[in-house]
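Below: the structure, in structure tokens.
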Amino acid sequence: MSSKELKEKKKKNDEAENIKVLVRCRPLSTKEKDAGYKSSVELNIADGTVTVYHVCGDPDRWTFDAVINNTFKQKDVFDMFIINMIDSVLAGFNATIFAYGQSGSGKTYKI
């Protein structure tokens with residue numbers, strides 16, 4: 001490996017973070033809307049926050065590295081968040097993408 005390649009590898013490593021958390025929440029389905037349900041989750045993409053409202057009590061608010069909604073296409077998510085991990089793997093670093101969610105919510109399809 002040349003010194004230039006080593007410098008690039010180190011630069012990528014210095015820019016990398018150990019863990020990043022991306023949150024994607026689905027909107028209410030047509031069936032849920034027709035039944036009169038209201039969303040209890042508010043996404044703030046600019047601030048990277050998710051607010052969950054409860055029937056009683058104050059809402060809970062969490063901050064993440066990124067928050068996306070259903071307007072983001074799979075390619076957008078890949079280009080914005082995943083491609084850098086692939087570049088790191090090709091440069092010799094380890095990377096893991098962990099998808100967590102309800103059974104049948106499309107995790108396998110999305111990854």
Side-chain angles (χ1 to χ4, degrees):
M1 184 176 287
S2 72
S3 63
K4 182 179 177 182
E5 290 172 331
L6 283 172
K7 285 179 186 176
E8 285 297 315
K9 189 172 182 179
K10 179 170 181 1
K11 181 180 176 188
K12 279 190 176 186
N13 189 31
D14 290 344
E15 293 172 355
E17 293 184 27
N18 292 333
I19 297 173
K20 288 189 179 184
V21 179
L22 165 73
V23 174
R24 178 183 229 173
C25 298
R26 72 165 178 83
L28 292 176
S29 68
T30 304
K31 183 178 178 181
E32 291 167 328
K33 288 178 185 176
D34 291 345
Y37 292 108
K38 303 231 183 288
S39 180
S40 61
V41 177
E42 180 182 291
L43 306 177
N44 187 320
I45 295 170
D47 291 341
T49 60
V50 175
T51 304
V52 178
Y53 296 95
H54 306 285
V55 175
C56 60
D58 295 331
D60 293 319
R61 184 175 180 210
W62 293 278
T63 302
F64 300 95
D65 295 301
V67 173
I68 59 173
N69 59 21
N70 63 325
T71 63
F72 286 75
K73 304 274 189 255
Q74 288 305 107
K75 182 165 179 17
D76 298 333
V77 175
F78 181 83
D79 291 342
M80 293 169 63
F81 304 103
I82 307 302
I83 193 74
N84 292 334
M85 294 178 74
I86 293 171
D87 291 340
S88 293
V89 168
L90 294 175
F93 295 96
N94 293 326
T96 300
I97 299 169
F98 180 77
Y100 178 81
Q102 183 176 356
S103 296
S105 63
K107 295 175 300 293
T108 302
Y109 169 76
K110 290 186 180 9
I111 288 187

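- Rounding to the nearest 0.5 Å gives a distance of 4.0 Å between CD of E32 and CZ of R26.
- With a 4.5 Å cut-off on side-chain heavy atoms, L22 and F64 do not count as touching.
- Cluster membership check: V41 does not share its hydrophobic cluster with L28, using side-chain heavy-atom separations under 4.5 Å among Ile, Leu, Val, Met, Phe, Trp and Tyr.
- Not a single salt bridge (Lys or Arg N to Asp or Glu O under 4.0 Å) links E42 to another residue, sequence neighbours left out.
- V89 meets the side chain to side chain contact (heavy atoms under 4.5 Å, CB included) test with A95; sequence neighbours excluded.
- For P59, the side chain to side chain contact (heavy atoms under 4.5 Å, CB included) partners are T51, Y53, not counting sequence neighbours.
- Counted within 6.0 Å of CG on D58, heavy atoms from surrounding residues, nucleotides or ligands total 12 or fewer; the atom is thus considered open.
- Atom CZ of F78 is surrounded by more than 12 heavy atoms from other residues, nucleotides or ligands within 6.0 Å.
- Panel note: side chain D65, backbone V21; a donor-acceptor pair is recorded below 3.5 Å.
- Qualifying side chain to side chain contact (heavy atoms under 4.5 Å, CB included) partners for F72, counting only residues two or more places apart in sequence or in other chains: R24, I45, I68, N69, D76, V77, M80.
- Residues passing the salt bridge (Lys or Arg N to Asp or Glu O under 4.0 Å) test with D79, sequence neighbours excluded: K75.
- Under the rule for a side chain to side chain donor-acceptor pair (under 3.5 Å), D34 has no partner lying at least two apart in sequence or in another chain.
- How far CG of N94 is from CE of M85: 10.0 Å, rounded to the nearest 0.5 Å.
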Subject >> F81/I97 under side chain to side chain contact (heavy atoms under 4.5 Å, CB included): CA gap, chis, key distance, verdict >> reply: CA-CA 10 Å; F81 304 103; I97 299 169; over 6 Å; no
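- Residues passing the side chain to side chain contact (heavy atoms under 4.5 Å, CB included) test with D60 are H54, W62, sequence neighbours excluded.
- Among residues two or more places apart in sequence or in another chain, the side chain to side chain donor-acceptor pair (under 3.5 Å) test is passed with R61 by none.
- For the side chain to side chain donor-acceptor pair (under 3.5 Å) test, no residue two or more places apart in sequence or in another chain qualifies with T30.
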